[in-house]
Amino acid sequence: MSTYPHIRFLTSAAEPGQLAADSGREIAFAGRSNAGKSSAINALVERTALARVSRTPGRTQLINFFEIVPERRLVDLPGYGFAKVPERIRLRWLELMEHYFNTRESLIGLVLIVDSRRGLGEQDATMLEWALARGRRAHVLLTKSDKLNRQESTRVLKETSAACRDAAVTTQLFSAHARQGLEQARGIMDQWFEQKKAPVGA
Ligand SMILES: Nc1nc2c(ncn2[C@@H]2O[C@H](COP(=O)(O)OP(=O)(O)O)[C@@H](O)[C@H]2O)c(=O)[nH]1
Ligand SMILES: [Mg+2]
């Protein structure tokens, strides 16, 4: 049974003028290309192909909006960190992301998808900073945890939590394939949707 039974694709934006109307609340998903963002979104909403799982990472430079119910959205942000992207495309990505994080009133939180085998990278940290800059929440999914043994997953969770603690960013292990951590992640998202908005600058 889906927690988001009515979720549907709303619109895609390649530039600021194409963003969905900025009302209500939305939670954005970000991560390095190939980190497992599309798989995580599909697992969380119990759809096999709402967000496409990519065979050619780094190609999509679109912000995709999905409506859960009117005025509540999940947003799939374009991936980053793909080495072969031309400078022109990278700059366009940067411009779009800066615009999005600087102006988006309805953005209440960021779910950051991090491959648990890589851990938190520099660009991931930048995404967290952008998200937190205006009092929004952030939560890290250390995904593909099925690829790690118990000891490795405990270590990466501990290290990431320590790195995020000061910023009040929460972290968890996650696996779309093994369906690990789904309830925990949904719990965080539901909590964000229900909570009063954090005061600006908090
Ligand atoms: N083992 C494992 N592989 C995963 C998991 N999630 C995604 N992948 C794989 O990682 C690759 C990239 O996944 P995708 O969801 O397209 O990543 P995106 O580029 O961040 O959207 C694909 O080959 C997926 O099958 C997971 O939880 N476990
Ligand atoms: Mg994807």
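Note that ligands are numbered from 1 as they come in the structure, with each ligand's atoms numbered from 1 the same way. Residue numbers run from 1 in the order of the sequence given.
- Atoms of ligand 1 found under 4.0 Å from any heavy atom of K147 (numbered from 1 in listed order, with element): 1 (N).
- Atoms of ligand 1 lying under 4.0 Å from at least one heavy atom of K37, given by number and element, are 15 (O), 17 (O), 18 (P), 20 (O), 21 (O).
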Inset, instruction - Check step by step if salt bridge (charged side-chain N to carboxylate O under 4.0 Å, His left out) holds for R136 and E26. - result: CA-CA 11 Å; R136 300 161 184 133; E26 65 190 30; over 6 Å; no
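- Judged purely by atom type and a 3.5 angstrom limit, R73 has no side-chain atom pairing as donor or acceptor with the backbone of G24.
- Metal site remark for the Mg ion (ligand 2): S33 contributes no N, O or S atom at a distance under 2.8 Å.
- Checked against a 3.5 angstrom limit, the closest N/O atoms of F174 and ligand 1 fall outside it.
- Scanning H177, Q180, R179 for the heavy atom closest to atom 5 (C) of ligand 1 points to H177.
- Using a 4.0 Å cut-off between heavy atoms, N34 contacts ligand 1 through both its backbone and its side chain.
- Applying the ring-ring contact (aromatic ring centres under 6.0 Å, His included) definition to pairs two or more places apart or across chains, those involving residues 113-155 are F101-W130.
- For the pair G31 and ligand 1, no heavy-atom separation below 4.0 Å is found.
- A 4.5 Å side-chain heavy-atom check between E152 and N149 finds at least one atom pair inside the cut-off.
- Nearest residue to atom 6 (N) of ligand 1 from S145, S39, S175 is S39 (criterion: closest heavy atom).
- Screening D115, D76, D124 for a salt bridge (charged side-chain N to carboxylate O under 4.0 Å, His left out) with K37, the sole residue that qualifies is D76.
- For the pair A40 and ligand 1, the shortest N or O to N or O distance does not fall below 3.5 Å.
- With ligand atoms numbered from 1 in the order given, ligand 1 contributes 15 (O), 18 (P), 21 (O) to contacts under 4.0 Å with heavy atoms of S38.
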Show me, pair by pair, the donor-acceptor contacts under 3.5 angstrom made by side chains of residues 174-183, not counting sequence neighbours?
| unit_1 | atom_1 | unit_2 | atom_2 | d |
| --- | --- | --- | --- | --- |
| S175 | OG | D146 | OD1 | 2.7 |
| S175 | OG | H177 | N | 3.3 |
| S175 | OG | A178 | N | 2.8 |
| R179 | NH2 | E46 | OE1 | 3.4 |
| R179 | NH2 | E46 | OE2 | 2.9 |
| Q180 | OE1 | S145 | OG | 2.4 |
| E183 | OE2 | R186 | NH1 | 2.7 |

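- Here's the thing with S33: none of its N/O atoms is less than 3.5 angstrom from an N/O atom of ligand 1.
- The distance from ligand 1 to the heavy atoms of G36 drops below 4.0 Å at these ligand atoms: 7 (C), 13 (O), 14 (P), 15 (O), 17 (O), 18 (P), 20 (O).
- Annotation: E95, atom CD; neighbour count of heavy atoms from other residues, nucleotides and ligands within 6.0 Å does not exceed 12.
- When non-hydrogen atoms are compared, ligand 1 lies under 4.0 Å from the backbone of R32 (N, CA, C, O) but not from its side chain.
- At distances below 3.5 Å, at least one donor-acceptor pair connects side-chain atoms of R134 with backbone N or O atoms of N102.
- For the 3.5 Å distance criterion, the side chains of R137 and Q195 qualify, holding a donor opposite an acceptor.
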